[in-house]
Amino acid sequence: MFTNTNIGENVTFKFYGIQNGKEIIIDYGNVISASGRNDKITQGSFSVQLFNDNFKDGIDVNLKMIAMQIQKTWQDKQYQEKIEIPKIEKQTFKGTIT
């Protein structure tokens, strides 16, 4: 879900979503560069936490996020449905009742 490169400073991150009051971690790591796709959670709140492990110097971080909605259109297809009509016949029985 993430790709490492050799350029830049590393940063520890945590990307999580909150759904029905529960925190669900989507991705986390200690990387220079990260990318990924979220299909786990489609509703609710999302947060990104960034942690700098360098205590003396600050680091520059670029963060880009894109939200997309996928919409599928289904094809209408005609079909024939077989209708079965039950055949009812009257029958007369002859005999004696004892």
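Fair warning: this is a prediction, and the values are worked out from it, not measured in the lab. Quick note: residue numbers are just sequence positions, from 1.
With a 4.5 Å cut-off between side-chain heavy atoms of Ile, Leu, Val, Met, Phe, Trp and Tyr, the cluster of I85 takes in I83.
With rounding to the nearest 0.5 angstrom, the CG atom of N10 is 4.5 Å from the CG atom of N30. Residue L50 holds its CG atom at 8.0 Å from CD1 of I59, rounded to the nearest 0.5 Å.
For the pair N52 (side chain) and D57 (backbone), a donor-acceptor distance under 3.5 Å is present.
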Throw together a table of side-chain donor-acceptor distances under 3.5 angstrom for residues 13-25, partners on residues two or more places apart or in other chains.
from : atom 1 : to  : atom 2 : distance (Å)
K14  : NZ     : E23 : OE2    : 3.1
Y16  : OH     : Q49 : NE2    : 3.3

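Residues passing the side-chain contact (heavy atoms from CB on, under 4.5 Å) test with L63 are V48, M65, sequence neighbours excluded.
Within the structure, salt bridge (charged side-chain N to carboxylate O under 4.0 Å, His left out) contacts touching residues 81-90 (residues at least two apart or in different chains) are K87-E89.
The 12-atom threshold is not exceeded at CG of D60, counting heavy atoms of other residues, nucleotides or ligands nearer than 6.0 Å.
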